[in-house]
Amino acid sequence: MKFIKQFFYGLSLLVIVIFSVMCKDEKKKEVTQKIEKVSIEKNEFGTTPDGGKVDRYTLKNSSGMTVDIITYGGIITSIKVPNKEGVSEDVVLGYDNLGQYLESSPYFGAIIGRYGNRIAKGKFSLDGMEYSLAVNNGENHLHGGIKGFDKVIWEASEETGENYAALKLVYLSKDMEEGYPGSLNTTVTYTLKEDNSLDMAYEATTDKKTIVNLTNHSYFNLSGDFSKTVLDQVLSLNADKYLPVDNTLIPTGEIADVENTPFNFREPTPIGSRIEADDDQLKKGGGYDHCWVLNGQDKGHRLIGTVYDPGSGRVLEVFTTEPGVQFYSGNFLDGTLPAKQGGTYKKRSGFCLETQHYPDSPNQLDFPSVVLNPGEKYSSKTTFKFSTK
Ligand code: GLA
């Protein structure tokens, strides 16, 4: 009798132990699954002619969004997001291999710095000292120079949390690199979240007074079909004003009303509906290639624009802390660059929404300042958020 009692006692203890171990395992599984909702994976992407190793990081969430970023130029090489049927397709122009980026790229998906956009004649002054930058766009400086932030290898580190995965890219630009004063320590962090948003957080510090204006140069085609143009994709911009330009695309200094012009995107309007209008500014840009002065500049990170593709149902919302956005309608794409899906990228097969300070700000003292002093921190944040309707 005593033996039977002991046997049952032992058995129940065993059952309890097994059960609690099983529960613990279940809990562990739950936790791991949560951590794995957004993942990040690293692969080799290629080597530059001077022996620099380039990696590709793939950030993936469980809502169907995947983002590929390479350490060369911090370039977003692919963003796959679902259409209204739930089919994920690539919505950014770019290439499949490093060789093509090295050969010729109109800044596809890249981090742009130190100064995104144009500086007239490549000259500016700080405290009475004149600086000369590369003249690489007609008579002007464009997008950081000959070897801008889009053409350097960034140092990468990863971070994951329950509902996000982040790729932190760091680059130290030396004093007078590309003609810019001060050593600029720059960090760009890409964060993919479960809600199909991609945050880009920019930070920089300097050891000498300098200028900074960082952005990302992704070309979107929300249809997922790069053989199509973006002309029927519907744009809204929360901007009452824009900056008219001269023949070389430098702002004239006028801050013009969008009212009664083809630059009024306050109501959702197809990109192509007025692009061929008889308008002096559209002619100068060869289409849209202008900076809009965004509303709500005192409101920090806010919704500034939306693009909707009626065919796929995809919606892109852009949030930023920046005062301006360069809306570029891919006018210089000319059917010579090879597309990822085969064929070539033709005129207006992608659009860019480059959140930034105004072009030529160092020479236009009425524009918000782009000066960064030692001891200060440059910080800027832009989010691309995808959904469908
Ligand atoms: C920017 C400029 C355009 C063009 C593209 C790259 O958006 O504003 O004029 O130079 O970059 O081709």
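Here the structure is a predicted model, which means the values were calculated and not measured. Just follow the structure's listing: the first ligand is 1, and inside any ligand the first atom is 1.
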Which of the numbered atoms in ligand 1 are below 4.0 angstrom from a heavy atom of [X]?
X: Arg118; answer: 2 (C), 3 (C), 8 (O), 9 (O), 10 (O)
X: Leu142; answer: 10 (O)
X: Tyr107; answer: 6 (C)

Seminar exercise, completed: Checking heavy-atom distances from atom 12 (O) of ligand 1 to each of Tyr288, Phe108, Tyr219, Phe351, the winner is Tyr219
[atom]: the protein heavy-atom neighbour that sits closest, reported with distance to 0.1 Å:
atom: atom 1 (C) of ligand 1; result: His143 NE2, 3.1 Å
atom: atom 7 (O) of ligand 1; result: Glu354 OE2, 2.7 Å
atom: atom 8 (O) of ligand 1; result: Asp289 OD1, 2.7 Å

NZ/NE/NH1/NH2 to OD/OE distance under 4.0 Å, [X] and [Y]:
X: Glu44; Y: Lys53; result: no
X: Asp257; Y: Lys241; result: yes
X: Lys147; Y: Glu177; result: no

Problem set entry | Under 3.5 Å: N/O of Asn117 near N/O of ligand 1 | no
For this session: Using the side chain to side chain contact (heavy atoms under 4.5 Å, CB included) rule, pick out the option among Asp360, Asn137, Asp289, Asn117 that qualifies with Leu249.
Result: Asp289
Problem set entry | Hydrophobic cluster identity match, Leu237 and Leu231, side-chain contacts under 4.5 Å | yes
Exercise. Cation over ring, Arg274 on Tyr288, under 6.0 Å and within 45°?
Worked result: no
For this session: Would you please say whether a donor-acceptor pair under 3.5 Å links the side chains of Asp246 and Thr252?
Result: no
Exercise. Does at least one non-hydrogen atom of Phe327 fall below 4.0 angstrom from an atom of ligand 1?
Worked result: no
